[in-house]
J.: 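I have a structure here, written as structure tokens, and I will follow up with some questions on it.
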Amino acid sequence: MDPNIPNHVAVIMDGNGRWARKRALPRHAGHRSGAGAVRKIVEIAAEHGVRYLTLFAFSSENWNRPREEVSKLMGLFIESLQREIDELHRNNVRLEFIGSRDLLQPKLLDKIIAAETRTSDNTGLRLQVAVAYGGRWDIVQAARRLAGRVADGDIAAQDIDDTAFAAELELAEVPDPDLLIRTGGEQRISNFLLWNLAYAELWFCDTLWPDFGQKEFTEALAFYARRERRYGHTGDQAEAVS
Ligand code: IPE
Ligand code: IPE
Ligand code: MG
């Protein structure tokens, strides 16, 4: 594994609405164009040797947007999944969704489950799409599950450690992101993977998500390659292990 290439890249795909506004188009036109950028980044990431890609498509808080926007987004998720699944499968991509499934339309949920089942044995890029996902929700779910296991006598409270906790999170089977990319100019986490991003390198760009492509991704990788990851150690210690 090339240490200069992040094993896991997480992306906050932001700026669709502003992309549309600049063109005097409705917000959903920006989301539609954003779906095209998703297609591109999946290809580009795989070409560069990234093994895990996690994309923030819809947050727990995005349910509070105007009803029409939410409904158009859900429609777009269904349509995109339908359109892309054959090619993703052909390209050996394993597709999974993270987030709360409670409020998803049955039609979307069916497509999600079918896509996950169909691609579950694929050995190429592991693609996680975060829909109705919130970092706090994820942590609360994990805590609730652990509390249940303690009540059942399956685990003792004092045996709960980082590893036991992480095993209850949505990305239990996936290593932590090495690189977080956020487009659209904001420099915040917006309740994305709060636990898992503990030691991620953070890269922000002003490019709006629909315009994101090879140029920006290459820049992010170059930024990542220049970082020294110390995990709390001194620079000398970090150099000694690398
Ligand atoms: C990101 O783009 C997509 C979602 C959050 C669903 P936005 O819709 O947030 O675009 P801006 O930030 O308003 O430009
Ligand atoms: C974060 O973008 C969520 C997604 C990209 C899906 P938002 O546009 O919702 O974030 P805020 O509101 O600017 O923090
Ligand atoms: Mg936004």
Side-chain angles (χ1 to χ4, degrees), residues 8-42 44-45 52-81 83-84 95-105 107-109 111-112 127-141 169-171 174 177 179-197 200 202-213 216-217 220:
H8 182 178
V9 177
V11 187
I12 301 177
M13 311 184 290
D14 196 22
N16 294 349
R18 280 162 285 163
W19 184 94
R21 197 170 57 199
K22 268 178 35 188
R23 290 162 180 79
L25 294 168
R27 291 181 62 84
H28 67 82
H31 295 314
R32 189 163 282 283
S33 178
V38 169
R39 191 170 219 269
K40 270 191 288 179
I41 200 181
V42 170
I44 296 170
Y52 301 87
L53 181 65
T54 302
L55 304 177
F56 204 7
F58 190 85
S59 75
S60 320
E61 290 71 30
N62 291 149
W63 287 118
N64 300 320
R65 291 194 176 192
R67 221 176 45 198
E68 194 199 338
E69 178 167 350
V70 171
S71 138
K72 286 235 159 71
L73 270 166
M74 295 299 145
L76 183 63
F77 294 149
I78 295 172
E79 186 192 315
S80 307
L81 199 47
R83 195 181 50 231
E84 304 298 337
L95 177 60
E96 285 163 318
F97 285 79
I98 60 170
S100 169
R101 300 186 174 198
D102 297 354
L103 296 173
L104 299 182
Q105 294 169 13
K107 191 170 174 197
L108 176 56
L109 196 53
K111 293 243 175 297
I112 285 176
L127 174 61
Q128 281 82 222
V129 181
V131 172
Y133 177 86
R136 287 181 174 175
W137 166 84
D138 197 358
I139 289 170
V140 168
Q141 287 274 113
L169 291 166
E170 292 283 87
L171 292 186
V174 171
L179 172 66
L180 172 77
I181 294 174
R182 181 171 186 147
T183 63
E186 307 299 344
Q187 304 198 351
R188 55 179 174 247
I189 302 289
S190 298
N191 199 18
F192 198 23
L193 301 160
L194 296 179
W195 173 283
N196 318 68
L197 289 170
L202 311 178
W203 189 77
F204 302 100
C205 67
D206 289 333
T207 305
L208 303 172
W209 175 251
D211 295 326
F212 187 89
E216 289 77 12
F217 195 71

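Every number for a ligand or one of its atoms is a count from 1 in the order of the listing.
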J.: Considering only heavy atoms, does Ala57 approach ligand 2 within less than 4.0 Å through its side chain, its backbone, both, or neither?
T.: backbone
J.: Using heavy-atom distances, let me know which of Arg182, Glu186, Glu61 sits nearest atom 2 (O) of ligand 2.
T.: Arg182
J.: How far is atom 14 (O) of ligand 2 from its nearest protein heavy atom, and which residue and atom name does that atom have?
T.: Ser190 OG, 2.6 Å
J.: Would you say Trp19 and ligand 1 have an N/O pair spaced under 3.5 Å apart?
T.: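 So ligand 1 has no N or O lying under 3.5 Å from an N or O of Trp19.
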J.: Write out the residue and atom name of the closest protein heavy atom to atom 3 (C) of ligand 1, then the distance separating them to 0.1 Å.
T.: Asn16 ND2, 3.6 Å
J.: Checking Trp19 side chain against Gly30 main chain: does a donor-acceptor pair fall under 3.5 Å?
T.: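 No.
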J.: Is it the case that the side chain of Asp138 and the backbone of Glu170 share a donor-acceptor pair, with hydrogens and angles ignored and the cut-off at 3.5 Å?
T.: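 Such a contact is found between Asp138 side chain and Glu170 backbone.
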J.: Quick one: look at His31 and ligand 1, take heavy-atom pairs under 4.0 Å, and tell me if it's side chain, backbone, both or neither.
T.: side chain
J.: Any non-hydrogen atom of Arg65 lying under 4.0 Å from ligand 1?
T.: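 Yes, Arg65 has heavy atoms under 4.0 Å from ligand 1.
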J.: Are Ser60 and Arg136 close enough that a side-chain donor and a side-chain acceptor fall under 3.5 Å?
T.: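 No, because no side-chain N or O of Ser60 sits under 3.5 Å from a partner of the opposite role on Arg136.
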J.: Please could you name the atoms of ligand 2 that Phe58 approaches to less than 4.0 Å, counting only its heavy atoms?
T.: 6 (C)
J.: Where's the contact between Ser59 and ligand 1, heavy-atom distance under 4.0 Å: side chain, backbone, both or neither?
T.: neither
J.: Distance only, no hydrogens: is a donor on one side chain within 3.5 Å (strictly under) of an acceptor on the other, for His28 and Glu68?
T.: no
J.: Distance check, rounded to the nearest 0.5 Å: Leu180 atom CG versus His8 atom NE2?
T.: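 So the CG of Leu180 and the NE2 of His8 are separated by 9.5 Å.
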J.: Is the backbone N or O of Gly184 less than 3.5 Å from a side-chain atom of Arg18, with the two atoms forming a donor-acceptor pair by type?
T.: yes
J.: Ligand 2 versus Phe192, non-hydrogen atoms closer than 4.0 Å: side chain, backbone, both, neither?
T.: neither
J.: Is the closest heavy atom of Gly15 to ligand 1 under 4.0 Å?
T.: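 Contact present.
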J.: Counting backbone and side-chain atoms alike, does Asp14 have an N/O/S atom under 2.8 Å from the Mg ion (ligand 3)?
T.: yes
J.: I need the nearest protein heavy-atom contact for atom 9 (O) of ligand 2: residue, atom name and distance, please.
T.: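 The answer is Asn62 ND2, 2.9 Å.
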J.: Looking at Arg32 and Glu79, is there a salt bridge between them, counting it only when a charged N and a carboxylate O are closer than 4.0 Å?
T.: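 Result for this pair is yes, salt bridge flagged.
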J.: Under a 4.0 angstrom heavy-atom cut-off, which atoms of ligand 2 come close to Ile12?
T.: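 In order of number, 1 (C), 5 (C).
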J.: For Arg27, state whether at least one heavy atom is located under 4.0 Å from any atom of ligand 1.
T.: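 Judged by the 4.0 Å heavy-atom criterion, Arg27 does count as contacting ligand 1.
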J.: Return the closest protein heavy atom for atom 13 (O) of ligand 2 as residue, atom name and distance.
T.: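 Ranking protein heavy atoms by distance from atom 13 (O) of ligand 2, first comes Arg188 NH2, 2.8 Å.
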J.: Using a strict cut-off of 4.0 Å, indicate which atoms of ligand 1 neighbour a heavy atom of Arg18.
T.: 11 (P), 12 (O), 14 (O)
J.: Record the part of Met13 in heavy-atom contact with ligand 2 below 4.0 Å; permitted values are side chain, backbone, both and neither.
T.: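 For Met13, only backbone atoms sit under 4.0 Å from ligand 2.
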J.: In the protein, which heavy atom is nearest to atom 10 (O) of ligand 1, and how far is it?
T.: Gly17 N, 2.9 Å
